[in-house]
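Down below is the structure, laid out as structure tokens.
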Amino acid sequence: MSTTAPWHDTTASPLERATALVEAMTLAEKLAQLGGYWDRATSAPDTAEQGEHQDVAPLQHAFDEAHRPFATVIENGLGQLTRVFGTAPVSPEEGVKALRSAQEQIMSASRFSIPAVAHEECLTGFTAYGATVYPAAIAWGATFDPSLIERMAAAIGTDMRSVGIQQGLSPLLDVVRDYRWGRVEETIGEDPYLVGTLGTAYVRGLQSAGVIATLKHFAGYSASRAGRNHAPVSIGPREFQDVILMPFEMAVREGQVGSVMNSYSDLDGVPAAASAELLTTILRDRWKFEGTVVSDYWAVAFLDLMHRVTSDRAQSGAAALVAGIDVELPEADGYARLAEAVASGELDVRYVNRAVLRVLTQKARLGLLDPGWEPVPAHTGDGTAINLDSAHNRRLAREVAEKSIVLVSNDGVLPLNDRFAGRIAIIGPTADEPRSFLGCYSFPNHVMVHHSDDDLGVDVPSLLDGLRDTLPFADIRYEQGVPILDPDPRGIDAAVRAAGEADLVILAIGDLAALFGRGTSGEGCDAEDLSLPGLQDQLVRLVLKIGKPVVLVAVTGRPYALGQYSDQCAAIVQAFMPGEEGAAAIARVITGAVNPSGHLPVAIPRTPGGQPHTYLAPPLGHHSDGISNLDPTPAFPFGHGLSYTRFAYDELRTSAAQMATDGSVTVSVRVTNIGDRVGADVVQLYLSDPVASVTRPVRSLLGFARVELGPRESCTVEFTVHADRTVFTGADLKRTVEPGEIVLAVGHSSTDIAESARVHLVGRTRNVERPVLTTPVRVRRSAGR
């Protein structure tokens, strides 16, 4: 007769093993699995004497009272370990040692020897000292390349898994609704299909390495009023379903994601952390999600502290648990108080059992309940000589950066010959600030900045370094002009003089990511309008006034109002926080060593004022001549991007003129590189619904394909469009496919349409609970023209 405990039986299913374990546990042991522990003692230097707290999570300092000693927290086990590597600048070797020790203590303290799930942030790469910093998520969107993002995520996951991490808190699937929001840099763009496709690719890549991906922030966070962090969300049910929820549904149904994190915001008065409709009805009942829901840091406490929908922390814990949050992060506070609520009958123990069963099932799937489980994979050994910034990683980071850079405009000044020997004035605050390349959730900007002014943990050359390396024969003079944020004009005169003496000006402007108002982009760094930060607009205007050719390089996390300069610049290059290899990537695009192929995942506005606007709007959301004096037309639209070659589209065909409301049609178009060098283009398929029972966007992205072609080479791109891809939330709030005429158009951007065809949907109106979510695409090579 076997003496193996049933939860250690690897021949049983994860659910069977978890069920047996739940039945053997006490209430205290169950509750211990529903919280985390964060060793914050050395998270930042003591800055009390400066009167500020260097938090790396919202109101982190306000929860010190609830912080309990590790030995006390783990008496009955532990659900999760929070950011062992991502809290302070510890080497990978030190992190492995600390993680191994913590897991051994947790297993020794538990009757059942259950280890914790160790989680870390990973939005721009593993947020750890010395780990590769990849481009920010908004740059992923600019690549329009799901396979590349999947490879990047697999590399991130491989590094994390190698040092004992099981869960990553990424990707962020919020769809941009207001460019002023500080976390635009963390998003993938303003179109739900682009966000969902690349986000799902990231999920697949991370989870292929054995690390659970975590979708955030579910849902509505990015639609906060006036783009203010945590502000209330007032959004209609159609916009919520058709725009906000779509990427999450894709990643759950198509990507089989393992975890979801709630939004901080309230949605029409109901905080997401207490919404059973969101966390149970939609996520689990409708989409069949089977993973765990984890709280955003202190979101449970915010129910009483900020939202004021509960009277105390215990009530907050009960409300979140009943709604569907399984694990409270970063550490247990509300959930640590639930035993009394169960004992009094205020909380039904079945909600505790439901959550702990999900947690333990996931731990079983991860192998954490297997006999002989080790905290760190065996090949890591004792953690000696761990390289989290390998040459492979850096090559991959450069590839993502190069494919993300958007050539926005060009009068022919670019590409520069790499033997250019004239005088170049390199001006601007991001030219010699390597941190401007890095996102808010990169380790250097998120954590390291609180410990050191110059140690980034990884090698990050500045744009000035990159240009000097790439243009060795040029006579380069550098002037900062103005700081990124501070209103200090003292350097403007020197910058203007340098511009006047130059043959060419490269003017580098943009952002510096940080947290909670300490930067110009990032969490809590929201903008009043879309003017450039600080005095940068003044610098740009004065430099342009000199009349020399200016290449404007925008290194930003959000789109700024560059339209006011577009006619005066010789070229505009948009780089969305391109990571540690950003300098070389931008320099190689400027010299033509890389043919630019990025396309805008967000539009670039013309003017800084007025309500920020994305392209997904019905006719009255766009310019209405004679109705309003405000014109929201962007300077450069969603999907726009130039190349050093040109691409022509022709021979658009549909497989049929009619499509049943439950059928499909194939749309094909020939794409030809009509230039004289190799280049890549993003072929974009858009849907228009001219007459519908509710207002519909003028145009919405239905599918896309990134294709690379040699000179005079052609290919045929084929999209398979299911009728479900025309679905929208109807007047009855049901997801509807209705008969009528639609327009399928192929273009270079959302406004530059090359070819279109009309197709009639025929048959009955259908209500679709679980529609087809993707548009498969195939590329067939053909002979040149």
Closest approach of [X] to [Y] (non-hydrogen atoms, all atoms of both residues):
X: Tyr193; Y: Leu773; result: CE1-O, 3.4 Å
X: Pro146; Y: Leu198; result: CG-CD1, 4.0 Å
X: Thr214; Y: Val257; result: N-CG2, 4.5 Å
X: Asn673; Y: Gly679; result: ND2-N, 3.8 Å

Can you confirm whether [X] sits close enough to [Y] that some side-chain heavy atom of one is under 4.5 Å from a side-chain heavy atom of the other?
X: Arg725; Y: Leu687; result: no
X: Arg183; Y: Asp174; result: no
X: Thr736; Y: Thr765; result: yes

Taking the inter-plane angle between the rings of Tyr615 and Phe638 on a 0 to 90° scale, is it parallel (under 30°), tilted (30 to 60°) or perpendicular (over 60°)?
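Because their plane-to-plane angle is under 30°, the rings of Tyr615 and Phe638 count as parallel.
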What do the steps show when you test Arg735 against Phe728 for side-chain contact (heavy atoms from CB on, under 4.5 Å), and what is the final call?
CA-CA 5 Å; Arg735 301 172 88 176; Phe728 60 89; over 6 Å; no
Would you mind telling me which of Glu708, Lys403, Arg706 makes a side-chain hydrogen bond (donor to acceptor under 3.5 Å, both in side chains) with Ser597?
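Of Glu708, Lys403, Arg706, side-chain hydrogen bond (donor to acceptor under 3.5 Å, both in side chains) with Ser597 is met by Arg706 alone.
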Could you go through Glu718 and Arg778, starting from their C-alpha distance and side-chain angles, then the distance that decides it, and tell me whether this counts as salt bridge (charged side-chain N to carboxylate O under 4.0 Å, His left out)?
CA-CA 5 Å; Glu718 294 181 347; Arg778 185 170 71 134; 3.0 Å; yes
Give a yes or no on whether the backbone of Ala401 and the side-chain of Ser404 come within a donor-acceptor separation of less than 3.5 Å.
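Yes, the answer is positive, given that a donor and an acceptor are paired below the 3.5 Å cut-off.
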Test your reading of the model: is there a side-chain donor-acceptor pair from Tyr686 to the backbone of Ser750, 3.5 Å cut-off?
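Answer holds: yes.
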Assess whether salt bridge (charged side-chain N to carboxylate O under 4.0 Å, His left out) is satisfied between Glu290 and Arg358, documenting all intermediate values.
CA-CA 8 Å; Glu290 295 183 350; Arg358 293 167 180 165; over 6 Å; no
Does Trp181 have its ring centroid less than 6.0 Å away from the ring centroid of Tyr221?
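Between Tyr221 and Trp181, which both carry aromatic rings, the centre distance is below 6.0 Å.
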One pair to check against side-chain hydrogen bond (donor to acceptor under 3.5 Å, both in side chains): Asp724 and Thr726. What are the steps and the verdict?
CA-CA 5 Å; Asp724 285 7; Thr726 70; over 6 Å; no
Nearest 0.5 Å please: distance from the CG atom of Leu283 over to the NZ atom of Lys288.
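Reported to 0.5 Å precision, the distance equals 11.5 Å.
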Can you see whether Gln362 engages Thr292 through a side-chain donor-acceptor pair at a distance of less than 3.5 angstrom?
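There is such a pair (donor and acceptor under 3.5 Å, judged by atom type) between the side chains of Gln362 and Thr292.
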Between the side chains of Thr661 and Arg764, does any donor sit under 3.5 Å from an acceptor?
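On atom types as modelled, these side chains do not qualify, holding no pair under 3.5 Å.
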Charged N to carboxylate O below 4.0 Å: is that the case for [X] and [Y]?
X: Arg766; Y: Glu738; result: no
X: Arg606; Y: Asp631; result: yes
X: Arg770; Y: Glu249; result: no
X: Glu713; Y: Arg781; result: yes

